[in-house]
Amino acid sequence: MTQHYDSATPKFPHMLHGGDYNPEQWLKYPEILEKDVELLKKANINCVSLGIFSWANLEPSKDHFTFEWLDKIIDRLYENGIYTVLATPSGSRPQWLAEEYPEVLRVSEGGQRFLYGNRHNHCLTSPAYRERVRIIDTKLAERYANHPAVILWHISNEFSGDCHCELCQQAFREWVKDKYKTLDDLNHAWWSHFWSHTYTSWDQVHSPGYMGETSVHGLDLEWKRFVNHQTIDFMKEEIKAVKSVNPDIPATANLMGIYFEGLDYFEMAKELDVVSWDSYPEWHKPNENEIIARNDSLAHDMMRSTKKKPFLLMECTPSTTNWRSISKLKKPGMHCLAAINAIAHGADSIQYFQLRQSRGSAEKFHSAVISHTGTENTRVFREVTEVGELLPKLESEVYSTLTPAKVALVVDVQNKWAIDKSLGPRNQYIDYYGLIQKCYNYFWKNGICVDIVNCDSELDGYSLVIAPMLYMFRGNISDKLRSFVADGGTLVTTVFSGVVDDTDLCFLGEATKEKLSDVLGMWVEEMDSLYDEDENATDFNGKEYKLYELCELLHPTTCEVLSTYKKDFYKGLPTITRNKFEKGTAYHLAATGEGELYDDLFKMIADEAGVRAPLSSVPKGVSLTVRGDLYFLQNFDEEERTVSLDNKFSDLLSGESVEGDVVIPALSARVLKPCEKQ
């Protein structure tokens, strides 16, 4: 069943095709600005993001505002059918502000205040900075919130980083005091009696850092949570300012996907009307395009899942970045394929950084729709134009819709914070995201929709929940997982799960409910960490699979053993278990294995849970995604592939009817609609 949603941009309820435009860089070149409008129209651009880094032009000196240049740009674009996503400029403040208010500059964890430079070099706690941001945001709202061209607020840009100044230290102390109430409770939660690091005064609480405390893991967790809180609080003040004039204009902030660990995006998404994010995969690494596509798809799915609504792809590159160690061009077809993949996973826009290529400074070699040539006579311009022609075809079928997921994958950034500080069992590297990707792979390839959830998410409506390496049972996740299985759901857990509570204190006892031992029907006695050159193995369903990195030694209580270790002193102990618990089933995988093990295991588990793939088979290099009635078959390989269809379809892109064996050329896609609903 397809679910329908309100448009993310109700003033312009269409798929957005546009991106970051920086006309303030070109005010001395009016002929270029005029030409840009013509070129953007040719490229089928229908919106631009303005003002992201424009503060110095909007307020060149304190309380001296110059909006006239922006008036002309917005009006001229609107006259030509191009709408505006208007940004607040807080991501990079002008030099005069740093000179007049030195407190706005961040302080490192070593206590050194940074000089002015770069971006995101500002303290989010600073009252002075918050006040100046409130003033400029309010001025923008008063001038533009009711302009017919302005369809969305873009709050700041890619929030990140922390500040260790005294303002932040004091705010952190108050935040910790409010949470723990007493020093006794704090000392217990942080286990700070270790090494005599007991706190006897709230004034002794400082942020963690290489010049001070690094051994109290509860402190490190709380600092990250505090930074997350301060960032969201700052963002909320910005949203309040821009909505003070017209609350009907939605607000977004461009996030940075599943692999950015600095903030908890599930918490941030609660305060946004629509989620948007910036996607920059490293396409065309030799023999890795399919892996890269999977990992980017996983990030798309998380962005969609944070609000369980369609999202906006706020930034992607038209061809190459300039900040990677190697800046590879997108090969012909890759740009359109990547755009289709984003739409397939829930995007209602394709937007770029950047629309016109900067002439100088840090991003002058980052690709753009309009290159330094200033013409339409480029391959990139033609491919962007093709995407602009494609979007209306997809809009008529899937705009503001999603396909509900029956599978949930638990990915919790706070859990990752705790794993990173665990100091054992494997300090060299614990590949949390690699395990997440292996658990996702089977579903991604075969067109089974997956929601990404965290420990705060509700699990109602899912048939299968996968919780890889959930080291930290935060909040009431243990109770939710137990209830999910008891009510008939299928749960999968993996190695290094259910070890600590939300302040990083280890659970005590053998088989305890805190660790879901009753649900899983077993308990963990030890865990072996393998050297990189070391491996173990297990047999499952008649095949042997390699095991790496981490191997748990389990004690079965009520579970069924599906496979065992083949080597070492724990040969014969369980590797895969299954336990019936009330109405449901819980599986546990006690070691980290090769990717094929997860594909085969999840095929079996999904079938048992009643989660079926839409097609009987999908070849290597190809992925299937279903959104609404459409089947998106995408070939990320550099050779053509053939897919066998189970029914008759119409190809939305070519208009032809297809059935049986269908060829998908290299780096291209077929978007198919069943001739009859299946």
Side-chain angles (χ1 to χ4, degrees), residues 189 264 266 305 308 404-416 418-419 432 435-436 439 443 450-525 527 552-562 574-591 601-602 604-606 608-611:
D264 187 335
F266 283 91
S305 300
K308 292 190 177 181
K406 289 296 182 181
V407 180
L409 182 61
V410 181
V411 182
D412 192 281
V413 72
Q414 295 189 42
N415 176 61
K416 179 62 163 60
I419 290 173
Y432 176 68
L435 179 56
I436 295 290
C439 291
F443 305 96
V450 177
D451 278 350
I452 309 303
V453 301
N454 76 346
C455 288
D456 298 321
S457 302
E458 297 303 321
L459 303 179
D460 299 340
Y462 297 113
S463 300
L464 172 60
V465 171
I466 306 162
M469 205 178 286
L470 197 59
Y471 163 77
M472 181 173 64
F473 278 180
R474 184 171 64 81
N476 64 343
I477 185 62
S478 179
D479 292 337
K480 285 190 284 192
L481 292 174
R482 175 177 285 101
S483 296
F484 171 75
V485 179
D487 291 341
T490 299
L491 170 68
V492 182
T493 61
T494 76
V495 63
F496 209 30
S497 293
V499 181
V500 301
D501 67 11
D502 58 7
T503 64
D504 207 29
L505 293 185
C506 293
F507 293 122
L508 303 177
E510 290 182 1
T512 69
K513 287 189 174 182
E514 285 180 313
K515 297 186 286 190
L516 292 181
S517 298
D518 54 338
V519 177
L520 297 170
M522 60 80 188
W523 60 279
V524 179
E525 179 181 351
M527 182 161 56
E552 290 176 331
L553 282 60
L554 305 184
H555 283 269
T557 51
T558 61
C559 69
E560 174 189 2
V561 176
L562 302 183
T575 51
I576 302 175
T577 63
R578 174 170 55 199
N579 190 58
K580 297 294 184 181
F581 180 78
E582 297 189 21
K583 297 178 182 178
T585 306
Y587 289 83
H588 184 74
L589 178 55
L601 177 63
F602 282 118
M604 181 195 79
I605 293 174
E608 290 180 2
V611 178

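Please read these numbers as outputs of a predicted model, since none were measured by experiment. Counting from 1, the numbers follow the sequence of the chain as shown.
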Within-4.5 Å side-chain heavy-atom neighbours: [X] and [Y]:
| X | Y | result |
| --- | --- | --- |
| Leu409 | Cys439 | yes |
| Val465 | Leu481 | yes |
| Leu505 | Val500 | no |
| Asp518 | Arg482 | yes |
| Phe581 | Leu491 | no |
| Tyr432 | Val411 | yes |

Are the side chain of [X] and the backbone N or O of [Y] linked by a donor-acceptor pair below 3.5 Å?
| X | Y | value |
| --- | --- | --- |
| Lys513 | Val519 | no |
| Asn415 | Tyr471 | yes |
| Glu552 | Phe496 | yes |
| Ser457 | Asn454 | yes |
| Ser517 | Ala511 | no |
| Thr585 | Lys580 | no |
| Thr577 | Glu560 | no |
| Thr494 | Met469 | yes |
| Lys406 | Ala609 | no |

Which pair of heavy atoms, one from [X] and one from [Y], lies closest together, and at what distance?
| X | Y | value |
| --- | --- | --- |
| Ala606 | Phe443 | CB-CE2, 4.1 Å |
| Val561 | Pro556 | CG2-CG, 4.2 Å |
| Ser497 | Leu470 | OG-N, 3.1 Å |
| Ser305 | Val450 | OG-O, 4.3 Å |

Could you state the interatomic distance from [atom1] ([X]) to [atom2] ([Y]), rounded to the nearest 0.5 Å?
| X | Y | atom1 | atom2 | value |
| --- | --- | --- | --- | --- |
| Tyr587 | Asn579 | OH | CG | 11.0 Å |
| Ile605 | Ile466 | CD1 | CD1 | 7.5 Å |
| Asp479 | Glu514 | CG | CD | 10.0 Å |
| Lys515 | Thr493 | NZ | OG1 | 13.0 Å |
| Cys455 | Lys480 | SG | NZ | 7.5 Å |

With sequence neighbours excluded, tell me which residues meet ring pair (Phe, Tyr, Trp, His ring centres under 6.0 Å) with Tyr462.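 For Tyr462 there are no ring pair (Phe, Tyr, Trp, His ring centres under 6.0 Å) partners, ignoring immediate neighbours.
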Residues in ring pair (Phe, Tyr, Trp, His ring centres under 6.0 Å) with Phe473, at least two apart?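 In terms of ring pair (Phe, Tyr, Trp, His ring centres under 6.0 Å), with neighbours along the sequence ignored, Phe473 is linked to no residue.
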If you apply the rule side-chain contact (heavy atoms from CB on, under 4.5 Å), what do you find for Leu554 with His588, and how did you get there? CA-CA 10 Å; Leu554 305 184; His588 184 74; 4.0 Å; yes
Could you tell me whether Lys308 and Glu458 make a salt bridge, using a distance below 4.0 angstrom between a side-chain N and a carboxylate O?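 No, Lys308 and Glu458 are not salt-bridged.
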Could you give all pairs that pass the salt bridge (charged side-chain N to carboxylate O under 4.0 Å, His left out) test and reach residues 462-476, with sequence neighbours left out?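 Counting only pairs at least two positions apart or across chains, the salt bridge (charged side-chain N to carboxylate O under 4.0 Å, His left out) contacts touching residues 462-476 are Asp412-Arg474, Asp456-Arg474.
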For a side-chain contact (heavy atoms from CB on, under 4.5 Å) check, start with the C-alpha distance between Thr490 and Leu464, then their side-chain angles and the critical distance, and finish with the verdict. CA-CA 5 Å; Thr490 299; Leu464 172 60; 3.7 Å; yes
